[in-house]
Structure formats: structure tokens, C-alpha cells
Amino acid sequence: MAQEKLLLIDGSSLAFRAFYAMYTQMDRFTNKDGVHTNAVMTFNSMLDNVMAEFKPQHVLVAFDKSGGTFRTKMFDAYKGQREKAPSEFLEQLPYINRLLEDHGIKHYALQDYEADDIIGTLAKQAEARGWHTDIITGDRDLTQLATDQVTVQVTRKGVGELEAFTPAHIQETLGLAPKQIIDLKGLMGDASDNYPGVTKVGEKTALKLLHQFGSIANLYQNLDTLKASKMKENLINDRDKAEMSRTLATIDQAAPIEIGLDDLAYTGPDLEKLRALYTELDMRQALKKLPGSETTAPKAALHYVVLTDANLALLPQTNLPVAFEIEMLDDNYHVSPEIGFFIGTKDETFVATDVTLLTLKPLQTWLAAHELTVFDAKRNLVAANRLNLTLPKIGFDVLLASYLLNPDQNSNDFGQIAEDHDYQLPLDADVYGKGAKRQVPDDETLFNHFAEKAQCLLALRPHLLKDLEAQDQTKLFSEMELPLAMVLARMEIAGIVLDQPTLKAMGDQWTATMHVLEEKIYGEAGLKFNLNSPKQLGEVLFEKLNLPVIKKTKTGYSTSVDVLEQLKSASPVVQDILDYRTVAKLQSTYVAGLLKAVLPDGKIHTRYLQTLTATGRLSSVDPNMQNIPARDEGKQVRQAFVPSQPGWQIFSSDYSQIELRVLAHISGDKNMQEAFKEDRDIHANTAMRIFDLDSPDQVTPDMRRQAKATNFGIVYGISDFGLAKNIGITRQQAKAFIAGYFAQYPQVHDYMEKMVQTARENGYVETLFHRRRYLNDIHSRNFNLRQFAERTAMNTPIQGSAADIIKVAMIRMQQMLEREHLQSRMLLQVHDELIFEGPADEMPKLAALVPKVMDSAVSLDVPLKVESHFGNTWFDAK
DNA sequence: GAAATCACG
DNA sequence: ACGTACGTGATTTCG
């Protein structure tokens, strides 16, 4: 007989996670009585998943009992920092209990004990009987229970995935045996359960000590063998804390539970009761899944042919578009495994897992002769490049088209996009799984999915083309976004070299500064605390040091820069905190973060997301190369971005004031256009106008600063409150500023009103190149949402048209580089700036060429201005 | 997962 | 009376 299986679920931890997994959309999920159901729903689907996956004969869901536990009796502050659970959560707990009962699953809680202890006790009993146990929890502390017979499954990324902690897995990841997790927690403490551990000992130090000594007990027995150090002192001083924390972290495996293994048999659900509960809670998805509800018939498997090197001749010659994709398992196509490809014609889909077939001559020739329809051109171009091949004839991209039709539909999952256009296609997540469980399915499943995708691509193409035409976006698609995908692919493939030693050296300096500041701050504050925790920092500043509270956040005191700037004079510690924040950011994001992103070729290959933003801008991820520090000491980071070859340099050109120039053009404002036509300093010009001055000499730096902020505010869709806050004036003054501004630039005012009006009438606004953004909230009864939509209506045509312009410039620039046979390459785009590398002797050519291409990308009623620089590093190209 | 913070245009 | 600048991504803490 097969081994008996027991499933123990940490109900408290999972319910909490289930609640927060859909926290933002919580209010979308309520029943007709206003009871929230997000936690119940998520908990329920989680339950379905684990029951299906583990198929246990015995199940128990353990909960914490409210009120204290034996641990609180030992240590008052245990879990003391926790805020009370929100009422939207508490109201769902009774339903979760009912849900379990109706599922035929036992649940249990015990006075003075936590769910952990119930689970630990039962797991031990099950082991004695020779059963296998799986424990489902969101809490890593439970991994201490892992044995050969007990696997601890910890939820990841909310609740969607499980990570299986076996003793071997724990050994692999931490180098510890499960029981040593207890010593680990003893040494490092636990912030969320609010027990201390040893001062200054975090996970790293604790692991080192445990690898050396094995346990806390043995560590203290052999403390003499440690060299004198601050850490040793801390260990001596905090011995009590360590031992107490160890006790607190220990799960009681002999809790006096009144329930036994024999009570846990899973008998299956009571479908009628479940149906009643789902109905009461208005859980339609769950209702649909109940047996006996209407089911959708499984679709017939599609036909496909598996390609081999021997049957490539089967590919038919056709003038019709064909579907193509190189499939990869992960988002990051620079490094993801390539798991197969497909070629679909209207009559047949050809599939294979062996992507090296693509390098064979007959297939290359075939691909070069047929127009391809893909989902995500850039992704396929990079994948192809990894196989040393080009895809010269990509004619249609379903992802790009879908994004242009509505940039809110920016999912990267073909299944999702298909659904948006009323086509049936399984989500990639359903075929491949998510996160740790993501894997290549068996060939039949994979190939069938390929066939579905191929046929879906071919089916969607004519509809999307028609829709693009109807929205006047055909050119935007075929002359801008699709060609741009090719250009971006080349930039991403080129990558930029990171000078790692240089960056490491900077990082070491910043780390040293960080440590000095840390100690100084602890001295000034009179205590040690976690500087990276806004919560703890807030307590120190506003409770211990009694500094005035300037601003609050949802959860407590705000400690952001603008607040700290105002508190600088109140205490010397504030400046140190600001300095600490600066270097900590540089170290973690720009030194450690960038070093992590370097691929084996020594380069950083970012990915531009071409179908993400609502305005038409690009974004950049893994890593983000569009927010590398440009000011103050952080800009040194740019010294680490260097050319890929000796004798080469970095070249950069950027548009000057492109958004205000776009505004001057589309608003038709004569005064603003005049300023640009005469190449005046636009901010000084604005200052002269709103402060009613006669000559530029009368503009003080402060006036210019305020005028500049007002110009920005206008672009963002101004409000008096926002402007007042930004430049530190009263709301009245801001109001007067804005009135003055509109008096001086009257057509700008007209433009703002016109855009809001357009949005109301059409439901969307457009850029110069017909990029569209829908603004459903423009008619909202909710004041905030409506105001936001109005500001968006004013801003999107400006930001989006500027994005259009640089996209045109990039496409033309790539053509020019080829036409002029330059070795120089385009590497990066940062919204209004293009960065290249090339041989030093090509720099003068770039200096002539790039600005010319950029400023002639479009013809506006005002000139576009471009500034260029070059040097040995990105830093020097400024 | 959410929130807070801070980097860029 | 409402509560606000537009568009992004990465890191850290916390429940």
C-alpha cells in the first residue's frame, strides 16, 4: 500500500497572505452585504491547488488562538510590534472556517499555543507512524520541522507558488540542518515576531557562526576561541537574549493538543453546503468550478508536425503570412533557456524542441522568404541572435499592435492578450507554471500549445490590422513601433560594458562612509536601530528625539527627503541620515545591483519594455538603465560605463526642453513659440512674463527656479496645491502664478481645456503620431479619479509626442549608421537622450550626424534643439 | 504583496 | 468639500 499522506496547513499565516495577495483590489471583492471576500477566495483556490497537488488522506488546518501564548508569558514583547489586523480581514475568518468545514477539512486552534506548535506536534506523531507530511505555510520558521518524512512547503510571491524545504534543500541554501534554523533565529532574532537576538548579528553573521560552531550552546562553550571583537562582546552581552530568542523560535512538538491523527481523515466536500457558501459570498469563479456546474468541453487537440533535420522539406512555400516564435521559459530573453519553436501556416503547424534546427540552411532560407507574424518581435529577434541568425521579415507583431490599440492592454502573456481580443488561448502561466514550478511540459502538451499559439497569431492578425486602420494607427505600427523593435533589439544585443573594478572601488568607499555614518547616527540618537526601516527611524526621530512631525504616511511618520530637509536645523542627526540614505541607495541599487546584472560577456544588456507605459515611452528593466544617477556624487557611477573596445569613446546627444517645445507646437501658443524660435532661456522667459519684468537681467535665480517649476507643473497638468507644495509657496500665491502663466501663454490654457474636452467626448487623447490613451475615469463621479484623468489628458499628448519623436529619431539614426558604414552603435535611450559608442575618430562624425537626425525627426512650428558630448566614459559624455 | 523611499526623464 | 503635480524601476522592511 502506498504511504499515508498528511497535509498540515498553517491557516493563520496563509489566511493573512491570502488577504494581502489581493489587498489593492480588495474592494472589488465583496458580496452583496458588503462582506469582503478576497481572503476567502484566495484561500479557497490555494486550498484547491494543494489538495489537488498533494492528494492527502489526512488534513488539518491549524490556526493561532487569539489572546496570548506561552511565548508572550516568557517575553512580553513577543509579536508586540504587530498592528491589529484590519477589520476587512477579521470579518473573513469565520467564512474561512466554514469553508474548511464544508470542504470536509478539520481545523483546530489551542489556547496558549500557536498554529506552529500544533503542526509541529502532529508532524512528529505522523512521522512516528511512518506517514509522509507536507506542511503548507508562509512562514519560514517552520522549516525547522523538515525531516526525510516532513517537507515544509513555503508560499512564494504571495501564494501562487510553493518552495519545498526538505533537509537537503535547506542544506543547499543555508548550509544548515533543519534544527539549526532555531539557532539561526536565536542569534539573529526576528523583527516581525519582535524578539531581539544578538546585537548586530544578522543572517550573514549568524550563518557564519553556525557553520563554525553548529549551535548556540556549542558557540558559547567555545567562545574563547573567537578573537576579541565587537561581535564577541555583543555575543557575551546578549547571551540571555540569544538563549531566550532560541527558546521563542523553538516550535513545541509536544503541545497538549486534544486532537489526534485519527481525527484528520479527509472525507471530501459537502457540495451542497459549498454551493450555498459560494453563493452567499458571491464567489462566481468558485461556483463555476464546482462539479455539476456547467463545464466547458475540452478543446480538441490541434494537429501539428514535428520538424527534424530530415523533414524540413515539408515546409510549404506560401505567400500568406506565417506564424513564428522561438519559445523561452523566462521573461529575460537574454538568458532564458530556449525551449522550442514553431512555424504555423493556415493548414499546419510545424514544431520542434530542438532550436538548433533553425540554424540549418534550408530552414534559414525558408524563414528569409516568408513574412512572419510574431508575438513580441524584439524577444524573437534577440532569441534568434543567440543562435546567430537574423529574422529579416517580421511583418506583424500581435503584442505591439495590441499595445497600440490600447496601451492599458500591456500584458506580456499571449493568453491574456488573446482574451482581450476575444480569442481563446491558455495563459503561459497555466501551461508552464509559475516561479519555481515553471518547467517545460511534455512534448505533446508543449506542441499542442505551440499549435494553438500559431493559429491564434494567424487568426488575430487581420483583426488587429483592421483595428489599427480604424484608429488611424497603421503608420504608427508599421513605420514606428515595428521598425523600432528591430533597433531596440540591436541596442540590447550590443549591451554596454561595465567596468567592474572601478564600480567596486566606488562601492567600497561608499560602504565605508555608510558604516561611519551608521555609528555616528547611533551615537547621536542614543540607540541602535535599523536605519533602513522608516518605521524605526520615525520612532527615533519623532518619539525619542521629539522632532516636529511634518507629514504622516498611511502607516506612520513620513521620513522622506522633503521632510528631513525641513528638520535639518532641528537636529544634527538629520543631515547624517540624509547622507546615509544617499550612499545606501548608491551602494545597494547602483553598485551591488548593477554588478549583479553583468552577464558573462562583461556587459549589461538591459531590456526595453516597448509595450508597457501608458504614454508611449519606453521603460528599462534588468537592470533599469534609464535611472542611472546623473547628479551630485552619484553621477560618478557613470564612470563605470565604458566603451567595449580600446580607442573607442562614449557619445551622447539629448533634446533640450523637448516637452515644452512639443507643448509650444501643439498648443500653437505664439508667446511660447517666440521664446523657442529666438532660442531664449525658456524658464527665464517665463519668469519675465509671470513676474512682469522688462529685461532678462531682472530675473533672479529664485524667480527662474519658480518659473521652471511652473513650466514643469504645466506639463504635468497643473494644480495650485501641487505647485504650492513643490516650490514652497502658499496655495493662493500658486493660484496667482498659474493665472499669470495662462494670461501670458493663453493658447496653452486653451490647449489644456481642449484636451480635457477631447477626452470627455472621445474617451481618449492622442499624440502627434496617433498614439492613443483611453481615460475612462474622465467621467468618474469620484473627484480624485476624475481630476487625475483630466491631468493625464493634458500631460499624455505632451509626454507621448516627445516619446514618438525620439522613436522616429532612433529609427532614422540606425539607418544613418548603416548608410554611412560607421562602426559606432547606438546603446541606450533615456527618454530624451541617445547614447552611442564608437571609435574616437568617428566622434566628430557623430557630433555632426546625430543632432541633425534628432532635430529633423519631425518638423514642428518651433525648432528642436539637441546638445551633444563625448568622452571616455558615460560620465565624460556630459 | 504592500508601502516607503529614492533614482531617472 | 473633495486631496492633488506626469511617466517609470529597484531595494528594503514588514505583516
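Keep in mind that what you see is a predicted model, and the values were worked out from it rather than measured. Just so you know, these numbers use all the heavy atoms, side chains as well, and skip hydrogens, waters and symmetry mates. By convention in this document, chain letters (A, B, ...) are assigned in the order of the sequence lines, proteins followed by strands, and residues within each chain are numbered from 1.
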Which nucleotides of nucleotides 1-7 of chain C have their base under 4.0 Å from a protein heavy atom (B), which only their sugar-phosphate (S), and which neither (-), written as one string 5' to 3'? -BBBBBB
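Residues passing the ring-ring contact (aromatic ring centres under 6.0 Å, His included) test with A:His831, sequence neighbours excluded: none. By the salt bridge (Lys or Arg N to Asp or Glu O under 4.0 Å) test, A:Glu565 is found to be paired with A:Lys568, residues two or more places apart in sequence or in another chain being considered. Applying the side chain to side chain contact (heavy atoms under 4.5 Å, CB included) criterion to A:Asp562, with sequence neighbours excluded, gives A:Lys551, A:Ser560. Residues satisfying the side chain to side chain contact (heavy atoms under 4.5 Å, CB included) criterion with A:Phe875, sequence neighbours excluded, are A:Lys635, A:Arg638, A:Gln639, A:Thr873. By the side-chain hydrogen bond (donor to acceptor under 3.5 Å, both in side chains) test, A:His683 is found to be paired with A:Gln657, A:Asn711, residues two or more places apart in sequence or in another chain being considered. For the ring-ring contact (aromatic ring centres under 6.0 Å, His included) test, residues two or more places apart in sequence or in another chain that qualify with A:Phe529 are A:Tyr522. Residues passing the ring-ring contact (aromatic ring centres under 6.0 Å, His included) test with A:Tyr655, sequence neighbours excluded: none.
Using a 4.0 Å heavy-atom distance criterion, A:Ile628 is classed as a sugar-phosphate-only contact. In this structure, A:Ile798 reaches neither bases nor backbone, as no heavy-atom distance under 4.0 Å exists between it and the strands shown. Using a 4.0 Å heavy-atom distance criterion, A:Ser558 is classed as a sugar-phosphate-only contact. A:Asn782 comes within 4.0 angstrom of nothing in the nucleic acid, heavy atoms only.
Across the P atoms, B:dC6 and C:dA5 are found 16 Å apart, a figure rounded to whole Å. On the P atoms, C:dT4 is 14 Å away from B:dA3, given to the nearest whole Å.
For A:Tyr745 and A:Tyr741, the ring centers are positioned less than 6.0 Å apart.
Summarising the geometry, the separation between CG on A:Asn530 and P on B:dA4 is reported as 17 Å, rounded to the nearest angstrom. In this structure, A:Ile835 atom CD1 and B:dC8 atom P are separated by 14 Å, rounded to whole Å.
Where pairing requires Watson-Crick or G-U contacts shorter than 3.5 Å, the helical stems of DNA chain C with at least three consecutive pairs are B:1-9 with C:6-14.
Residue pairs meeting the side-chain hydrogen bond (donor to acceptor under 3.5 Å, both in side chains) criterion with at least one member in residues 773-782 of chain A, sequence neighbours excluded, are A:Gln471-A:Tyr774, A:Arg772-A:Tyr774, A:Arg773-A:Thr796.
Side-chain contact annotation: A:Ser656 with A:Glu867, donor-acceptor N/O pair under 3.5 Å absent.
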Which side-chain N or O atoms in residues 576-583 of chain A pair as donor and acceptor under 3.5 Å with protein atoms at least two apart or in another chain?
from     : atom 1 : to       : atom 2 : distance (Å)
A:Asp576 : OD1    : A:Lys520 : NZ     : 3.1
A:Asp576 : OD2    : A:Lys520 : NZ     : 3.2
A:Asp579 : OD1    : A:Gln575 : NE2    : 2.9
A:Tyr580 : OH     : A:Asn532 : OD1    : 3.3
A:Arg581 : NH1    : A:Thr559 : O      : 2.8
A:Arg581 : NH2    : A:Thr559 : O      : 3.4
A:Arg581 : NH2    : A:Thr559 : OG1    : 2.8
A:Thr582 : OG1    : A:Leu578 : O      : 2.9

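Non-hydrogen atoms lying under 4.0 Å from DNA chain B are contributed by A:Arg581, A:Lys585, A:Tyr590, all within residues 576-599 of chain A.
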